[in-house]
Amino acid sequence: MEYSSILMIVVMLAMFYFLLIMPENKRKKKAEEMRNSLKKGERITTIGGLVGKIVQVNDSTVVFETSEDRVRIEIAKWGIQSTESSEQAAAEQGGLFGRKKADDHPEEAKTEEAEKAPKESKADFDPEVK
């Protein structure tokens with residue numbers, strides 16, 4: 001084998017490490033720090049999409065309320081995807097994929113709000129209201 005082919009393999013392995021392995025380790029470390037810093041009263045979103053407010057934090061589990069009806073659910077800490085504070089920080093930095101804030105382009109924010117507005121009333125979906 002020539003030295004150039006060995007050098008190419010080493011360079012490819014270094015690129016693989018810096019582009020794939022190191023960012024993944026940083027992401028895991030950040031998620032672990034978030035889960036270890038959970039406090040009572042924070043709003044969380046689980047991996048399954050449940051949203052609620054923390055009422056109790058244990059060593060490996062968290063109890064949270066999902067609604068005003070005081071429905072309480074206990075889940076493992078690893079099942080928490082994000083907290084409201086981490087979602088706000090992501091929004092302030094431009095969100096995922098560098099998305100622009102609505103303050104930067106007010107005309108775009110108006111069209112997005114118009115698209116999100118419900119076009120049908122609740123009576124159309126509620127079987128009890130007829």
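Here, residue 1 is the first one in the sequence, and each next residue gets the next number.
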K.L.:
For side-chain contact (heavy atoms from CB on, under 4.5 Å), just list the numbers for Ile75 and Ile73, CA-CA rounded to whole Å, side-chain angles, deciding distance to a tenth of an Å, and then say yes or no.
P.N.:
CA-CA 6 Å; Ile75 62 165; Ile73 299 174; 3.8 Å; yes
K.L.:
Are Arg43 and Thr83 close enough that some pair of their side-chain heavy atoms sits under 4.5 Å apart?
P.N.:
no
K.L.:
Between the side chain of Glu33 and the main-chain N/O of Lys30, is any donor-acceptor distance below 3.5 Å?
P.N.:
no
K.L.:
For residues Phe64 and Thr46, determine if any side-chain heavy atom of one lies less than 4.5 Å from a side-chain heavy atom of the other.
P.N.:
yes
K.L.:
State, to 0.1 Å, how close Val63 and Arg72 come at their nearest heavy-atom pair, and which atoms those are.
P.N.:
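Taking every non-hydrogen atom into account, CG1-CB, 4.1 Å.
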K.L.:
Check residues 48-58 and write down every donor-acceptor pair under 3.5 Å in which the side-chain atom is one partner and the other belongs to a residue at least two apart or another chain.
P.N.:
from  : atom 1 : to    : atom 2 : distance (Å)
Gln56 : NE2    : Asn58 : OD1    : 3.1
Asn58 : ND2    : Thr61 : OG1    : 3.0

K.L.:
What donor-acceptor contacts under 3.5 angstrom involve side-chain atoms of residues 13-25, with partners at least two apart or in another chain?
P.N.:
from  : atom 1 : to    : atom 2 : distance (Å)
Glu24 : OE1    : Arg27 : NE     : 3.4
Glu24 : OE2    : Arg27 : NH2    : 2.6

K.L.:
State which residue, out of Ile47, Ile44, Thr45, fulfils the side-chain contact (heavy atoms from CB on, under 4.5 Å) condition with Ser82.
P.N.:
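Of all the options given, the one that passes is Thr45.
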